[in-house]
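To start, the structure itself, in structure tokens.
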There are 2 protein chains.
Amino acid sequence: MPPTPEPKAAGLLQGTLDMMILQVLALEPQHGYAIASRLQQISQDVLQVQQGSLYPALHRLEKKGWLAAEWKESEQGRMAKIYSLTKAGKKQLAEETENWRRMSAAIGLVMGTAR
Amino acid sequence: MPPTPEPKAAGLLQGTLDMMILQVLALEPQHGYAIASRLQQISQDVLQVQQGSLYPALHRLEKKGWLAAEWKESEQGRMAKIYSLTKAGKKQLAEETENWRRMSAAIGLVMGTAR
DNA sequence: TCTACATACATCATGCATCTAGGTATGCAG
DNA sequence: CTGCATACCTAGATGCATGATGTATGTAGA
């Protein structure tokens, strides 16, 4: 058998995916597939974004006007849908970030992880 | 109109309620209503646990064997269902706490809140 | 006494984000 | 020509939080 299956980091925290997508796009426009890779990479493999979560999220955000999409060529020389933050998306990101801070701080208080 | 409606701290982070209930009960056995009050108080009013979330969660946790329930008199002199952590619940709490740390740290990395 | 409010439990319908599992298509390495 | 990484997508199931609603009791105040 394999060396030890590794518990495998479970799913995402509900509600944080949208925020993280906005954050990644705030740095630089990206296509979906790349966003997922970035998140996994930045988080050192803790966050694994399933495609079945990713694409619905992108469509959700675009429909709400936080994102704009455009077909372009990716770095690998293929067509890809490049997403970028709209002005409304930037505002939304600020709001969600602030809310995350409040929430995680509150949970920290409960869990005795203050500081 | 009222002085300013106050944005009102939105709901909980999906998946964190179970962990927080376990944590509160790790300090001292409590009945449901008191658990909700504690959480709100400890979090300085950021976390508002709806009864429609609370009681299903308690039943969920009891069914899984993390909690044990017993009818006793509350401090206010009424009958109340007092919940306490089982041994399995203690183990579960440790696991969920560890997972929360990993997750929130990972999100912190993404959001540039490392530290 | 009557009313309102806090305590204390509970369920149901709804909404919604995520996951699993499937599918299409292309380009490149072996 | 086979497999893998890239790149997009959807459908169905699951599971949790919410809002609404319901019951019952004790107590403070009018």
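A note on names: the letters A, B, ... follow the listed sequences, proteins ahead of strands, and every chain is numbered from 1.
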Between P of D:dC8 and CG of A:L58, the distance in whole Å:
8 Å
Any donor-acceptor N/O pair, B:T86 side chain to B:W66 backbone, under 3.5 Å:
yes
Output the distance between atom CG (A:L109) and atom CG (B:L39), rounded to the nearest 0.5 Å.
11.0 Å
Atom-to-atom span, CD of B:Q40 to P of C:dA6 - whole angstrom:
12 Å
Value in whole Å for how far the P atom of C:dT18 lies from CG of A:L17
5 Å
Tell me: CG of B:L12 to C1' of D:dT18, nearest whole Å?
10 Å
Selected nucleotide, minimal atom distance to A:Q14 side chain, candidates D:dG15, D:dC8, C:dC9
D:dG15
Take B:L93 and A:M111, measure what side-chain contact (heavy atoms from CB on, under 4.5 Å) needs, and give me the verdict at the end.
CA-CA 10 Å; B:L93 172 57; A:M111 303 306 292; 4.2 Å; yes
On a heavy-atom basis, which atom in B:L25 and which in B:Y83 lie closest, and how many Å separate them?
CD2-O, 3.4 Å
Out of B:M19, B:M20, B:E95, which residue meets the side-chain contact (heavy atoms from CB on, under 4.5 Å) rule with B:W100?
B:M19
Tell me: OH of B:Y83 to C1' of C:dC9, nearest whole Å?
9 Å
A:Y55 side-chain N/O to D:dC9 phosphate OP1/OP2 under 4.0 Å:
no
For the atom pair CD (B:Q41) and CG (B:L47), what is the distance rounded to the nearest 0.5 Å?
12.0 Å
Considering heavy-atom distances to DNA chain C, does A:A57 or B:P56 have its closest nucleotide positioned more toward the 5' end?
B:P56
Looking at A:R60, I'd like to know whether one of its side-chain N or O atoms comes within less than 4.0 Å of OP1 or OP2 on C:dT18.
yes
If only side-chain N and O atoms of A:S74 are considered, is one of them under 4.0 Å from the OP1 or OP2 phosphate oxygen of D:dT6?
no
same_hphob_cluster(A:I82, A:L22) at 4.5 Å side-chain heavy-atom cutoff:
no
State whether A:H59 places a side-chain N or O below 4.0 Å from either non-bridging phosphate oxygen (OP1 or OP2) of D:dC8.
no
Whole Å only: how far is the CD atom of A:E75 from the P atom of D:dA5?
19 Å
Sorted by position of nearest nucleotide on DNA chain D, 5' first, the leading residue of A:W71 and B:V49 is A:W71
Tell me the interatomic distance from A:I35, atom CD1, to D:dC8, atom P, rounded to whole angstroms.
8 Å
At under 4.0 Å between heavy atoms, how does the protein contact nucleotides 19-26 of chain D? Give one character per nucleotide, 5' to 3', with B, S or -.
B-----BS
Let me know the distance between CD1 of A:I82 and P of D:dT6, rounded to the nearest Å.
15 Å
